[in-house]
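Data first, discussion second: the structure below is written as structure tokens.
Just so we're on the same page: letters track the sequence lines, and every chain starts at 1.
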Number of protein chains: 2
Amino acid sequence: MLKQETLSKNQQIVLDYIEKVNEPIKAYSILHNVQKKGIKAPLQVYRALDKLVEIGKIHKIESRNAFVACKNSNCQISKATAFSICESCEEVSEISDSKLSKYLKNFQDKAGMKFNKYNLEFFGLCKKCSIK
Amino acid sequence: MLKQETLSKNQQIVLDYIEKVNEPIKAYSILHNVQKKGIKAPLQVYRALDKLVEIGKIHKIESRNAFVACKNSNCQISKATAFSICESCEEVSEISDSKLSKYLKNFQDKAGMKFNKYNLEFFGLCKKCSIK
DNA sequence: TGTTAATTGTTATAATATAACATTGTGTAA
DNA sequence: TTACACAATGTTATATTATAACAATTAACA
Ligand SMILES: [Zn+2]
Ligand SMILES: [Zn+2]
Ligand SMILES: [Zn+2]
Ligand SMILES: [Zn+2]
């Protein structure tokens, strides 16, 4: 079977909503907002989220248990992600920095472990919040 | 009031257990294992965990919702953490690499956000699991 | 000693996520 | 086209992770 090219109905509904809100959003908030589209149960949302993460259309912000659409037109299938998170207003941006990603992709730890994936989350104050 | 020098009773019980097991462990597993010491409720564990994270004695592995003792004798009060995680056996090691931490501490994103903290999690196969 | 903050104890509940199982849809190849 | 395999769906129940609210106690210190 060929690699999936089109999203299933539920996957598309969930992705459409995540892309529309354009900021990190939690699974049950998604559920709430797509019930009018016929999605009724948490599992339907979580299954769509799993697939969307797997194919790199969205990422999970682990420290926030939230999901956000990928802005980098796909992050090598979600294997290398970096975010900045404002601890005051909770604004999250996906970092796209080729030097950083190159550095991390090539990072070799002392135990000789070979990595195929990483997730990096920076925390601080965004510009708006730091002048307050 | 001076900065806390000694841990409270519950904090010490929880830390002792985390240091003893020497691998990432989940909050409710901690609860189970310290009940003989008199800790009865989840909140008692979570409060101790919060404090221990805050003072850098332990770290949270965000992608696993698990907690592990700090091996770097304190990571500048837990503001800069990096881990390698084996996706097969779930072994987790704290990475101590001064070049990496220097690189990340000095990283400046394009939006001009100033960071005071980061968490990095690498995923792959540990040596043992990759020869299987 | 009186005052403040930190810590504890306790019950209840919120928020996040998965198990299990039956059913339906879709792509592929004989 | 039919049969197969796999992906996706629907549904109910439950597991796991974490916090709210409030009262009581303990520790630090001026
Ligand atoms: Zn991305
Ligand atoms: Zn902000
Ligand atoms: Zn550490
Ligand atoms: Zn391993």
Is there any side-chain hydrogen bond (donor to acceptor under 3.5 Å, both in side chains) pair reaching into residues 15-33 of chain A, and which pairs are they, with sequence neighbours excluded?
-> A:Gln12-A:Asp16, A:Tyr17-A:Asn33, A:Asn22-A:Lys71
Check: [Y] main-chain N/O paired with [X] side-chain donor or acceptor under 3.5 Å:
{"X": "A:Lys110", "Y": "B:Ser96", "value": "yes"}
{"X": "B:Glu54", "Y": "B:Lys51", "value": "no"}
{"X": "B:Glu121", "Y": "A:Tyr118", "value": "no"}

Carboxylate-amine/guanidinium contact A:Glu87 B:Lys117, below 4.0 Å = yes
Rounded to 10 degrees, the angle between the two terminal axes of the helix from C:dT1-D:dA30 to C:dA30-D:dT1, each from five pairs | 40°
With no hydrogens and no angle check, do the side chains of B:Glu94 and B:Asn72 hold a donor and an acceptor under 3.5 Å apart?
-> yes
Going 5' to 3' through nucleotides 9-19 of chain D, assign each nucleotide B (protein heavy atom under 4.0 Å from a base atom), S (under 4.0 Å only from sugar-phosphate atoms) or - (no protein heavy atom that close).
-> BBBB----BBB
Nearest 0.5 Å, what's the NZ-CG distance between B:Lys57 and B:Leu7?
-> 6.0 Å
Write down the distance between CD1 (A:Ile30) and C1' (C:dT16), rounded to a whole number of angstrom.
-> 12 Å
Let me know the distance between CD1 of A:Ile13 and P of D:dA8, rounded to the nearest Å.
-> 14 Å
Taking every heavy atom of B:Ala27 against every heavy atom of B:Val45, the minimum-distance pair comes out as O-CG1, 3.8 Å
